[in-house]
Amino acid sequence: MLGGACQNDHKTFEEYYDLGGGVKIYSRKSWEARAPKQFQSFQKPASFFFIHHTDGSLCYEFHSCVTTLKEIQHFHMDTRGWDDIGYSFLVGQDGNIYEGRGWDHVGAHTLHYNTSGYAASFMGNFMTHPPNDASLTAVKKLIDYGISQGYIAATYKLYGHRDVGNTACPGDALYPIIQTWPHYTHTKPENSLLKLT
Ligand SMILES: [Zn+2]
């Protein structure tokens with residue numbers, strides 16, 4: 001369902017999909033994302049779902065989350081030279097999901113697994129403090145929705161970024177939380193590239 005929540009804005013600024021329970025997926029249009037330089041179509045369903053943190057600013061309401069999203073997209077596209085913002089989705093401490101590359105495009109988030117998994121990134125640094133319940137609930141709802149729509153395989157495996165890469169991501173305070181979630185998997189995913197080493 002599309003709707004408008006910020007009625008004082010003259011732009012069509014707040015298009016979203018309502019996941020229910022007060023959780024929305026705000027579209028790229030809603031946060032005025034730049035167009036990707038190019039994209040690769042994602043071949044669903046995803047076998048994996050990865051949890052990240054952005055290691056950047058926290059945001060607690062729509063407009064500051066939009067500012068943060070734009071900064072991340074500029075950084076990924078202009079400094080790192082990527083085609084688009086890296087993550088499939090991002091989540092704010094406002095308890096809403098923001099569309100990154102979305103369901104249809106391959107992301108740039110988890111080396112070796114971008115074509116077989118989606119990623120949601122919690123906006124903020126969660127080394128010492130966990131994200132709030134609203135944002136945790138939002139990501140769980142996103143995953144459930146992805147399964148219901150056939151984007152994510154019902155047998156998917158959930159990982160933190162650090163499970164497959166040399167990184168502290170998604171942070172010491174967030175990592176133990178996702179380990180309690182359904183489908184969290186302690187064994188490393190199979191990866192044909194890694195078998196070569
Ligand atoms: Zn990460």
Side-chain angles (χ1 to χ4, degrees), residues 25 28 31 33 36 39-40 42 46-59 65 67-103 105-132 134-143 146 151-152 156-191 193-194 197:
I25 303 176
R28 292 174 67 90
W31 61 272
F39 63 86
Q40 179 183 353
F42 190 94
S47 304
F48 307 120
F49 198 95
F50 297 98
I51 303 295
H52 295 249
H53 71 168
T54 62
D55 194 18
S57 302
L58 292 163
C59 63
C65 287
T67 299
T68 301
L69 286 157
K70 289 182 175 186
E71 289 170 356
I72 294 168
Q73 189 183 32
H74 294 329
F75 177 68
H76 285 179
M77 293 180 75
D78 300 335
T79 303
R80 293 202 166 157
W82 297 348
D83 292 331
D84 195 354
I85 193 169
Y87 309 111
S88 311
F89 296 93
L90 300 93
V91 59
Q93 295 300 286
D94 61 341
N96 286 309
I97 302 291
Y98 293 86
E99 184 184 29
R101 297 210 190 185
W103 301 115
H105 292 177
V106 172
H109 45 77
T110 314
L111 188 64
H112 303 310
Y113 300 98
N114 289 314
T115 57
S116 51
Y118 295 113
S121 191
F122 286 78
M123 285 188 273
N125 176 301
F126 299 101
M127 286 300 286
T128 56
H129 300 286
N132 62 20
S135 62
L136 294 165
T137 297
V139 172
K140 287 181 176 176
K141 280 185 170 288
L142 174 72
I143 294 171
Y151 294 118
I152 302 170
Y156 80 98
K157 294 178 178 180
L158 179 78
Y159 294 100
H161 188 189
R162 66 171 64 176
D163 290 321
V164 296
N166 182 22
T167 173
C169 180
D172 289 350
L174 173 54
Y175 185 56
I177 294 173
I178 65 164
Q179 289 181 297
T180 69
W181 287 10
H183 291 258
Y184 180 81
T185 307
H186 288 274
T187 54
K188 300 279 188 266
E190 291 202 9
N191 181 313
L193 292 170
L194 293 179
T197 61

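Computed from a predicted model, the values in this text were never measured in an experiment. For ligands, and for the atoms within them, numbers begin at 1 and follow the listed sequence.
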Practice problem: Looking only at N, O or S atoms, find the one in H161 nearest to the Zn ion (ligand 1) and name it. | Solution: ND1
Quiz item: Just one of F75, Y98, W31 clears the side-chain contact (heavy atoms from CB on, under 4.5 Å) bar with I85, so which one?
Solution: W31
Practice problem: May I ask you to check whether C169 brings an N, O or S atom to under 2.8 Å from the Zn ion (ligand 1)? | Solution: yes
Quiz prompt | With sequence neighbours excluded, residues passing salt bridge (Lys or Arg N to Asp or Glu O under 4.0 Å) with D163 | solution = none
Quiz item: With a cut-off of 2.8 Å, does H53 place any N/O/S atom under that distance from the Zn ion (ligand 1)?
Solution: no
Exercise. Specify which N/O/S atom of H52 comes nearest to the Zn ion (ligand 1), by atom name.
Key: ND1
Self-check item: Any donor-acceptor N or O pair under 3.5 Å, side chains T110, H52
Solution: yes
Quiz item: Without hydrogens or angle criteria, can the side chains of H53 and N125 be said to hold a donor-acceptor pair below 3.5 Å?
Solution: no
